[in-house]
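Mind looking over this structure? Questions follow.
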Amino acid sequence: MSVLVFDLDGTLVSSMEDLVVTLNEVMTAAGHAPIPKEEVAHMVGMGARVLIQRGLDYNGVTWTDQQIDPLYRHFLDHYLDNIAVHTRPFDGVVAALERFRGEGWRLAVCTNKAERLTHPLLAALDLARHFDAVVGGDTFSVAKPHAEPVHGAIHRAGGEIGGSIMIGDSGTDIDAARNAGIPVIAVDFGYTVVPVRDLSPDRVISHFDELAGAIASLKS
């Protein structure tokens, strides 16, 4: 059984507005300057702790892991309370997921967002029902771009690595797919510093309506 493994932020859902609000709540409460949305877009993809670290770097702040801990707790609490104020699935996502399930694909989420945040977000957007497995950044001892979370998502969804495909929006996802030994389709509307076309994914799409065709081309 083959599995479509989806990244979450910047791939399935447009979550930047809520991430920006929460990060800046944490930054300003700690006495630092807020960060413009266009800068935050270059910081996401490796989980909330790294996002906070990058926010402090932007502010020119030298930090330690011990100093990150209270900021991380503040981030989790605020984000959970405001997890889907602005966040919505990208156009075409729900229809695509329904189509692929109807065609017999297993579906999984593999994100670097912590499980504590991932499950409530999927539930709030009524997306959880589409997936056979959900893997967060803390499900395993390592996160993407390591192969283990991708393999774990595939196995938990009841599938096999052969024939499975990753769909993501960044170099982290592309590297994770490469490390996992599966092809990767990149969306070009997500959150990445480097344009995904420059990162040599197997296919690039600009709308979820194009995903079925991209998958078919990989299977041919």
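This one's a predicted model, so the numbers in the text were calculated from it and none came from an experiment.
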Mutual orientation of the aromatic rings belonging to Phe131 and Phe6 [parallel < 30°, tilted 30-60°, perpendicular > 60°] = perpendicular

Of all the heavy-atom pairs spanning Gly159 and Val3, show the shortest one and how long it is.
-> CA-CG2, 3.6 Å

Does His130 reach the main-chain N or O of Val94 with its side chain, forming a donor-acceptor pair under 3.5 Å?
-> no

Below 4.5 Å, heavy atoms only, C-beta onward: do Val134 and His119 meet side chain to side chain?
-> yes

Return the minimal non-hydrogen interatomic distance between Ser206 and Arg197, and the atom names on each side.
-> OG-NH2, 4.2 Å

Between Gln67 and Thr62, which heavy-atom pair has the shortest distance, and what is it?
-> OE1-O, 3.7 Å

For residues Met43 and Leu19, determine if any side-chain heavy atom of one lies less than 4.5 Å from a side-chain heavy atom of the other.
-> no

Distance-only, no hydrogens or angles: does the His207 side chain make a donor-acceptor pair with backbone N or O of Asp209 under 3.5 Å?
-> yes

Can Asp77 and Arg116 be counted as an ion pair, charged N to O under 4.0 angstrom?
-> yes

Could you tell me which non-hydrogen atom of Ser170 sits nearest to which non-hydrogen atom of Val196, and how far apart they are?
-> N-CG1, 4.2 Å

Once you round to the nearest 0.5 Å, how far does CZ of Phe189 lie from CZ of Phe208?
-> 5.0 Å

If Ile, Leu, Val, Met, Phe, Trp and Tyr residues are connected whenever their side-chain heavy atoms lie under 4.5 Å apart, and connections chain through other members, are Met46 and Ile174 in the same group?
-> no

For residues Gln53 and Val50, determine if any side-chain heavy atom of one lies less than 4.5 Å from a side-chain heavy atom of the other.
-> yes

State plainly whether one hydrophobic cluster holds both Val5 and Ile185, where clusters connect Ile, Leu, Val, Met, Phe, Trp and Tyr through side-chain heavy atoms under 4.5 angstrom apart.
-> no

Which atom pair, heavy atoms only, marks the closest approach of Ile182 to Ile165?
-> CD1-C, 3.9 Å

Steps toward side chain to side chain contact (heavy atoms under 4.5 Å, CB included) verdict (Arg106, Ser164) | CA-CA 9 Å; Arg106 297 294 179 92; Ser164 293; over 6 Å; no

Answer yes or no: is there a side-chain heavy-atom contact under 4.5 Å between Tyr191 and Asp7?
-> no

For Met27 and Ile52, what are the C-alpha separation, side-chain angles and deciding distance, and is it a side chain to side chain contact (heavy atoms under 4.5 Å, CB included)?
-> CA-CA 8 Å; Met27 289 293 108; Ile52 293 166; 4.2 Å; yes

Do His155 and Ile161 have side-chain heavy atoms sitting under 4.5 Å apart?
-> yes

To the nearest 0.5 Å, how far apart are NZ in Lys113 and OH in Tyr79?
-> 3.0 Å

Please round to the nearest 0.5 Å and tell me the distance separating atom CG of Leu76 and atom CZ of Arg49.
-> 9.0 Å

Between Asp169 and Val187, is there a donor-acceptor pair closer than 3.5 Å when you use the side chain of the first and the backbone of the second?
-> no

Do NZ/NE/NH1/NH2 and the carboxylate oxygens of Arg178 and Asp202 come within less than 4.0 Å?
-> yes

Only one of Asp9, Asp173, Asp175 clears salt bridge (Lys or Arg N to Asp or Glu O under 4.0 Å) with Lys144; which?
-> Asp173

Would you say the side chain of Thr139 lies within less than 4.5 Å of the side chain of Arg156, judging by non-hydrogen atoms?
-> yes

For residues 26-38, which residue pairs qualify under side chain to side chain donor-acceptor pair (under 3.5 Å), counting only residues two or more places apart or in two chains?
-> Glu17-Lys37

Mind checking whether Asp132 and Arg101 have side chains closer than 4.5 Å, heavy atoms only?
-> yes

What heavy-atom pair brings Pro120 and Glu115 nearest, and what distance separates the two atoms?
-> CD-O, 3.9 Å

Taking the six-membered ring for Trp, are Phe100 and Trp105 parallel (under 30°), tilted (30 to 60°) or perpendicular (over 60°)?
-> perpendicular

Could you check Asn82 against Val21 for side chain to side chain contact (heavy atoms under 4.5 Å, CB included), going step by step and ending with a plain yes or no?
-> CA-CA 9 Å; Asn82 301 274; Val21 169; over 6 Å; no

For the atom pair OG1 (Thr172) and NE2 (His146), what is the distance rounded to the nearest 0.5 Å?
-> 11.0 Å

Got a second to check how far His74's NE2 is from Glu25's CD, nearest 0.5 Å?
-> 4.0 Å

Non-hydrogen side-chain atoms of Pro145 and Asn179 separated by less than 4.5 Å = yes

Could you state whether Val150 and Leu8 fall into the same hydrophobic cluster, counting links through intermediate Ile, Leu, Val, Met, Phe, Trp or Tyr residues with side-chain heavy atoms under 4.5 angstrom apart?
-> no

Same cluster or not: are Val109 and Val184 linked, directly or through other Ile, Leu, Val, Met, Phe, Trp or Tyr residues, by side-chain heavy atoms under 4.5 angstrom apart?
-> no

When clusters are formed by joining ILVMFWY residues with side-chain heavy atoms under 4.5 Å apart, either directly or through shared neighbours, do Leu51 and Leu117 land in the same one?
-> yes

Could you give the distance from CD1 (Ile167) to CG (Leu12), rounded to the nearest 0.5 Å?
-> 8.5 Å

Run the numbers on Thr11 and Thr111 for side chain to side chain contact (heavy atoms under 4.5 Å, CB included), then give the verdict.
-> CA-CA 10 Å; Thr11 300; Thr111 175; over 6 Å; no

